[in-house]
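One structure is given here, and the rest of the page talks about it.
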Amino acid sequence: MTFKTRVAIIGAGPAGLILARYLAIHNIDTIVIENRSREYVQSRVRAGILEAQLVALLDEIGVGERLHKEGFEHQGIYLQIPGNRHHINFKELVDQTVWAYGQTEIQRDLHKACDVQGQKNFYEVTDVNLVDVNSTKPKVHFTDAHGIKQVIECEAIAGCDGFWGVSRKAIPNVEKDCFEKVYPFSWLGIMANVKPSIDELVYAWHPKGFALNSMRSEKVTRLYLQVEPNDDLAKWSDERCWDELSERLALDGWELERGPITEKSILAMRSFVSNKMQYGRLFLAGDAAHTVPPTGAKGLNLAANDVRLLGETLVELLTKNNQDFADDYSRKALEKVWGATRFSWWFTSMMHTNGDPFDAQLQLAQINHVIKSKYAAADLAEKYVGVR
Ligand code: RFL
Ligand code: PHB
């Protein structure tokens, strides 16, 4: 069957669904196709910290209500080295806050909004193929969940299909415009049914490796440990995870609460940027175009920044035929992308040990500088909250 719509969106992650909502509000109809099931996308554990700009975008597209009720507004973060936990107060330094609210919850709110609006979404699609992207009438070919071949005829395609998706690869010779750094360590992520042990996030440097104490709700804690790049999950019993977290996050007079662990996974750390985010009528947004290590909590926030720019771009292109505006999408998006890539790389490099004692001393000197200098702290704060 052939469907007609104005914009075909590849990927129903946060970038794809936020874009669909944004365009719906501007009376531009879309079809979203996703290769996983709705339940899978809904339950995938990922980001937790939202910049004010993302919160504003979610409010604007009408999905911010639960976030304001159930999310936590944070004034800052704690930066820790052994024996010293120091609060960096974003509110005082740059007059901005961030919100702790799980990406799974955002996804749930977006799904609900899609249902109410009658958004056309196909899940569990295969064989996705982007055709004639360099023309004004591109098409998307795919096989639906029942094995039936389908075609979408549209005026533009939004590639929101994440790092492993097909959209970026539809840009000819894109590899020569891509830049990548793979880090020699991974994160072990843990979700636990236990109340957070502290009011705001703790980023801890420790000789045995980085640890992060984050949270999802009054009853759920999210934690991370720096581990070897090829570490084996089977070697990380619940008890070992808690012992290691307690040691790396230790502070006199404070104790990490323990509880049942409900999820554990190991994630690789990479910085990746495609300096080409558009080709003809194909536009990339979010992880399809770039990824950052999660240390600076930038991935989802960058995706949201792209989506706002791409939303504005598609409105200009499809309602006013403003080609010059559209041609500038990549350039505008990449400014913020490279800024966040630099910040995430810097924060990651400062917090993760590599076994070299000289490098460890430099890291401690750098962290102490951030702790002691209000200018250095303000610089971190500005990048973390995402002030433009
Ligand atoms: P996603 O979320 O990867 O969604 C892409 C969607 O496209 C689908 N797809 C396809 N669909 C159709 N056809 C194909 N051929 C397809 N191939 C793939 C996928 O199934 C998927 O549903 O990308 P998007 O929308 O750009 O969103 C990006 C964010 O998910 C990501 O940047 C963040 O999760 C990164 N991140 C964090 N970001 C933050 O801003 N703050 C954080 O605190 C934060 N913490 C994190 C994170 C990422 C993490 N992991 C697991 C990488 C913590 C972790 C642990
Ligand atoms: C999270 O809660 O998942 C989280 C928070 C901050 C980060 C990365 C991940 O920097």
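Order of listing sets the numbers, starting from 1, for every ligand and every atom in it. Predicted, not measured: the structure shown is a model, and the values here were computed from it.
- For the pair Ala288 and ligand 1, the shortest N or O to N or O distance does not fall below 3.5 Å.
- A parallel orientation is assigned to the rings of Phe185 and His352, their planes being inclined by less than 30° (bins at 30° and 60°).
- In this structure, Leu212 counts as a contact residue of ligand 2, since one of its heavy atoms falls inside 4.0 Å of the ligand.
- Between Tyr224 and ligand 1 there is a heavy-atom distance shorter than 4.0 Å.
- Residue Asp287 holds the heavy atom nearest to atom 28 (C) of ligand 1 of all those in Asp287, Leu300, Val307, Val128.
- Within ligand 1, counting atoms from 1 as listed, the ones closer than 4.0 Å to a heavy atom of Gly165 are 17 (N).
- Residue Leu201 touches ligand 2 through its side chain alone, judged by heavy-atom distances below 4.0 Å.
- Annotation for ligand 2: atoms under 4.0 Å from non-hydrogen atoms of Ala297 are 6 (C), 7 (C), 10 (O).
- Relative to the six-membered ring of Trp236, Arg240 meets both conditions, a distance below 6.0 Å and an angle of at most 45° to the axis.
- Trp338 and Phe179 have perpendicular rings, their planes meeting at more than 60° on a 0 to 90° scale where under 30° would count as parallel.
- By heavy-atom distance, the residue among Arg46, Gln103, Arg36, Glu34 lying nearest atom 49 (C) of ligand 1 is Arg46.
- Distance from atom 18 (C) of ligand 1 to its nearest protein heavy atom, with residue and atom name: Asp161 O, 3.1 Å.
- Here Asp109 contributes atom CG and Glu70 contributes atom CD; the two are 8.0 Å apart, rounded to the nearest 0.5 Å.
- Judged by the shortest distance from any of its heavy atoms, Gly48 lies inside the 4.0 Å radius around the atoms of ligand 1.
- Set against the non-hydrogen atoms of Val166, the atoms of ligand 1 under 4.0 Å away are 15 (N).
- Counting only N and O atoms by type, the side chains of Gln323 and Asp327 include a donor and acceptor under 3.5 Å apart.
- The shortest contact between atom 4 (O) of ligand 1 and any protein heavy atom is with Gly13 CA, 3.6 Å.
- Summarising the contacts of atom 5 (C) of ligand 1 with Gly11, Ala15, Cys160, the nearest heavy atom is found in Cys160.
- Separation of atoms NZ (Lys176) and CG (Asn275) is listed at 10.5 Å; rounding is to 0.5 Å.
- Around atom 9 (N) of ligand 1, the closest heavy atom drawn from Leu284, Asn35, Thr291, Ile266 belongs to Asn35.
- Judged purely by distance below 3.5 Å, without hydrogens or angles, the side chains of Tyr384 and Asn301 never pair a donor atom with an acceptor atom.
- Ligand-side atoms of ligand 1 in range of Gly162: 3 (O), 5 (C), 23 (O), range being under 4.0 angstrom from any heavy atom.
- The protein atom (non-hydrogen) at minimum distance from atom 41 (N) of ligand 1 is Ala297 O, 3.2 Å.
- Ligand 2 has an N or O atom lying under 3.5 Å from an N or O atom of Arg216, backbone or side chain.
- Side-chain N/O atoms of Asn193 and Thr262 include no donor and acceptor closer than 3.5 Å.
- With 3.5 Å as the limit, one finds a donor-acceptor pair spanning the side chains of Thr30 and Gln119.
- Distances shorter than 4.0 angstrom occur between a heavy atom of Arg44 and an atom of ligand 1.
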Requested in this report: Any chance you could lay out the salt bridge (charged side-chain N to carboxylate O under 4.0 Å, His left out) test for Asp287 and Arg168, step after step, and finish with the verdict?
Outcome: CA-CA 10 Å; Asp287 278 20; Arg168 188 177 65 251; over 6 Å; no

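- The protein non-hydrogen atom at the shortest distance from atom 4 (C) of ligand 2 is Tyr224 CE1, 3.8 Å.
- Inspection of the Ser271 and Tyr183 side chains reveals an N or O donor paired with an N or O acceptor under 3.5 Å.
- From the protein, the heavy atom lying nearest to atom 27 (O) of ligand 1 is Pro14 CG, 3.5 Å.
- Counting heavy atoms from C-beta outward, Ile88 and His86 have side chains that approach closer than 4.5 Å.
- Summarising the contacts of atom 50 (N) of ligand 1 with Asn301, Val98, Val125, Leu267, the nearest heavy atom is found in Leu267.
- Considering backbone and side-chain atoms alike, Trp187 places every N or O at 3.5 Å or more from each N or O of ligand 2.
- Linking Ile, Leu, Val, Met, Phe, Trp and Tyr whenever their side-chain heavy atoms come within less than 4.5 Å puts Ile18 and Tyr329 in one cluster.
- Near Pro294, meaning under 4.0 Å from any of its heavy atoms, are these atoms of ligand 2: 7 (C), 8 (C), 10 (O).
- Thr97 pairs with exactly one of Lys91, Glu51, Glu73, His74 by the side-chain hydrogen bond (donor to acceptor under 3.5 Å, both in side chains) rule, that one being Glu73.
- In this model, a donor atom of one side chain and an acceptor atom of the other lie less than 3.5 Å apart for Asp59 and His68.
- Short contacts between ligand 1 and Gly286, defined as distances under 4.0 Å to a heavy atom of the residue, involve ligand atoms 26 (O).
- Nearest protein neighbour of atom 36 (N) of ligand 1, counting heavy atoms only, is Ala47 CB, 3.7 Å.
- Contacts between Ser214 and ligand 2 below 4.0 angstrom, taking non-hydrogen atoms only, involve the side chain exclusively.
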